[in-house]
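What follows is a set of notes on a single structure, which appears directly below.
Here is how names work: the chains are called A, B, and so on, in the same order as the sequence lines, proteins then strands, and each is numbered from 1.
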Protein chains: 2
Amino acid sequence: MATGRTHRPATRSRGIPEATVARLPLYLRALTALSERSVPTVSSEELATAAGVNSAKLRKDFSYLGSYGTRGVGYDVEYLVYQISRELGLTQDWPVVIVGIGNLGAALSNYGGFASRGFRVAALIDADPAMAGKPVAGMPVQHMDDLERIITDNGVSIGVITTPAGAAQQVCERLVAAGVTSILNFAPTVLSVPEGVDVRKVDLSIELQILAFHEQRKAGEGAAAAEAALPPAARESAVDGTSTASGTSSGAANTASDTAANTASDERKGPDGEVPAVMPA
Amino acid sequence: MATGRTHRPATRSRGIPEATVARLPLYLRALTALSERSVPTVSSEELATAAGVNSAKLRKDFSYLGSYGTRGVGYDVEYLVYQISRELGLTQDWPVVIVGIGNLGAALSNYGGFASRGFRVAALIDADPAMAGKPVAGMPVQHMDDLERIITDNGVSIGVITTPAGAAQQVCERLVAAGVTSILNFAPTVLSVPEGVDVRKVDLSIELQILAFHEQRKAGEGAAAAEAALPPAARESAVDGTSTASGTSSGAANTASDTAANTASDERKGPDGEVPAVMPA
DNA sequence: GGTTGTGAATAAATTCACAGCA
DNA sequence: TGCTGTGAATTTATTCACAACC
């Protein structure tokens with residue numbers, strides 16, 4: 001091609017890889033910070049560092065959006081903020097409901113970042129009648145009975161579930177039946193939804209378990225010795241050559257969870273080396 | 001089964017793909033539920049359904065752990081619970097500290113799932129002197145000044161950061177310097193850490209933005225109450241599957257060619273209030 | 001000079017499909 | 001017969017490296 005002078009995804013139809021989509025918010029955040037500091041342009045290298053990825057990946061990601069940079073110069077910060085916002089659908093308003101106003105639901109309701117960018121908490125819903133009317137984050141909690149009406153009246157298409165696990169699937173079904181097509185699930189359970197509905201989950205204990213897995217191997221060789229030992233022989237030094245200073249930084253909930261975590265040479269272990277590496281079984 | 005010495009994966013010691021590791025907690029949760037119902041064995045198909053993945057993936061994942069199933073029968077639930085727990089390092093105790101006891105930090109402190117499986121909240125830490133001594137989740141909040149001592153005394157290697165974004169990097173550095181090698185970051189910022197330290201992040205607004213992206217391309221515009229939204233030249237594109245959701249196989253490469261007319265030339269700064277993203281207030 | 005954008009190469013993850021065993 | 005375990009095929013993601021352009 002090499003045509004277009006216009007900034008426009010020439011032949012680039014919308015086929016943005018999921019991994020790229022998951023990183024766009026990261027770039028957007030970094031760009032917003034630059035914008036607030038009135039930085040006019042930024043190179044892929046600088047922006048990548050700020051977002052915690054490498055520059056090749058960033059450029060490739062941006063290439064799916066179109067040609068928004070200028071060779072030899074970099075990217076115009078404001079323009080890119082706008083383009084990414086638009087791509088993510090943040091130029092429109094997304095009313096959201098939070099169902100389950102317990103500790104977590106209340107905390108999220110108060111979370112500033114919520115409303116920061118295109119999202120607006122349209123309603124807080126809880127099944128407990130005693131909660132009804134109570135103000136949380138300056139907003140009266142509404143009862144579950146009104147869920148359908150609330151969804152409809154506000155044109156809500158995104159729901160956040162912060163109920164106990166046992167109630168999540170049922171709440172999910174009601175949300176979907178009422179018209180919600182995207183769900184962010186904080187309840188530790190797998191939701192099953194009809195096709196066309198997106199679910200993303202945020203799960204504290206899963207994240208901790210993943211960390212524990214890696215942590216376990218930093219604690220020196222010898223895990224799993226109780227039962228079958230087998231010549232370690234491992235130890236193939238991974239390549240890694242991440243020249244970029246900062247180490248890992250890992251990925252989002254699902255989709256792309258990179259966690260570089262190459263166990264390169266870790267005989268170092270933390271200062272506190274007490275935890276028994278080998279469990280008694 | 002496999003009497004005698006359980007033959008280990010042999011050449012398969014350390015090489016569990018990251019994607020597999022990220023799913024092990026999911027399998028474990030499903031297995032635990034089965035265990036509680038005293039179900040003795042389960043097939044890959046059943047377990048996969050319960051965990052929200054497909055059976056081929058599940059079997060492949062398990063193959064990295066070893067041969068723990070029985071052909072023609074399935075997997076022994078209890079045995080698999082144990083093997084996965086061990087693999088994830090959950091047979092040992094992981095003391096964890098939570099830094100930043102605002103709304104979110106307090107909510108997490110109270111979160112039951114925390115202690116459920118190998119993890120134990122060793123301390124709650126906050127920078128606000130007014131918080132010191134106050135009980136949260138039945139535990140007195142301690143002051144940031146004591147962070148290093150707390151980490152050391154308790155042999156903490158996993159830290160959870162729930163501070164405002166602005167404080168996160170500094171807290172992170174102190175945690176790492178004190179010996180923490182795994183961090184779960186809830187603050188909306190990229191943490192940079194030395195090699196050997198794992199960071200996983202949980203970020204509400206990123207998740208919402210990803211959902212918004214997909215939402216935007218479902219059914220054109222959808223129920224947005226829309227204000228003076230600029231026409232995003234909606235193009236179709238198959239929704240792709242994401243995370244846990246079951247459906248999502250509809251690939252359908254977007255055909256079309258034409259060029260999306262992004263007529264966006266309006267004012268970019270929509271009606272957004274530009275609220276600074278801060279954590280719980 | 002400097003930096004983007006992108007084909008080509010590589011790596012990682014997923015899915016297929018079936019041999020092999022209980 | 002039924003279901004696991006896994007090589008092979010496929011798809012998706014990342015990285016390389018350099019031509020194109022400012």
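At least one test fails for A/R23 against the ring of A/Y27: distance under 6.0 Å to the centre or angle within 45° of the axis.
Relative to the side chain of A/T70, the nucleotides D/dC22, D/dA17, D/dG5 differ in distance, and D/dC22 lies closest.
DNA chain D is contacted by both A/K60 and B/G72; B/G72 maps to the nucleotide lying nearer its 5′ end (nearest heavy atom per residue).
Atom CG in B/L65 sits roughly 11 Å away from atom P in D/dT6 (whole-Å rounding). As rounded to whole Å, 15 Å separates atom C1' of D/dT4 from atom CG of B/D76. Distance CG (B/L58) to P (C/dA13): 16 Å, rounded to an integer number of Å.
At C/dT15, one or more side-chain N or O atoms of B/N54 fall inside 4.0 Å of OP1 or OP2 (strictly under the cut-off). The side chain of B/R23 contributes an N or O atom lying less than 4.0 Å from OP1 or OP2 of C/dT14. Side-chain nitrogen and oxygen atoms of B/Y75 include at least one within less than 4.0 Å of the OP1 or OP2 phosphate oxygen of D/dG5. For the OP1/OP2 pair of C/dT4 and a distance below 4.0 Å, the side-chain nitrogens and oxygens of A/S44 include at least one atom meeting the criterion.
Taking the centre of each ring, B/Y79 and B/Y68 come in below the 6.0 Å mark.
Between the side chain of B/R71 and the base of D/dT4 there is at least one donor-acceptor pair of N/O atoms closer than 3.5 Å.
The side chain to side chain contact (heavy atoms under 4.5 Å, CB included) with A/L47 is formed by just one residue from the set A/V77, A/V53, A/V42; it is A/V42.
Side-chain contact between A/L26 and B/D203 is absent, with no heavy-atom pair separated by less than 4.5 Å.
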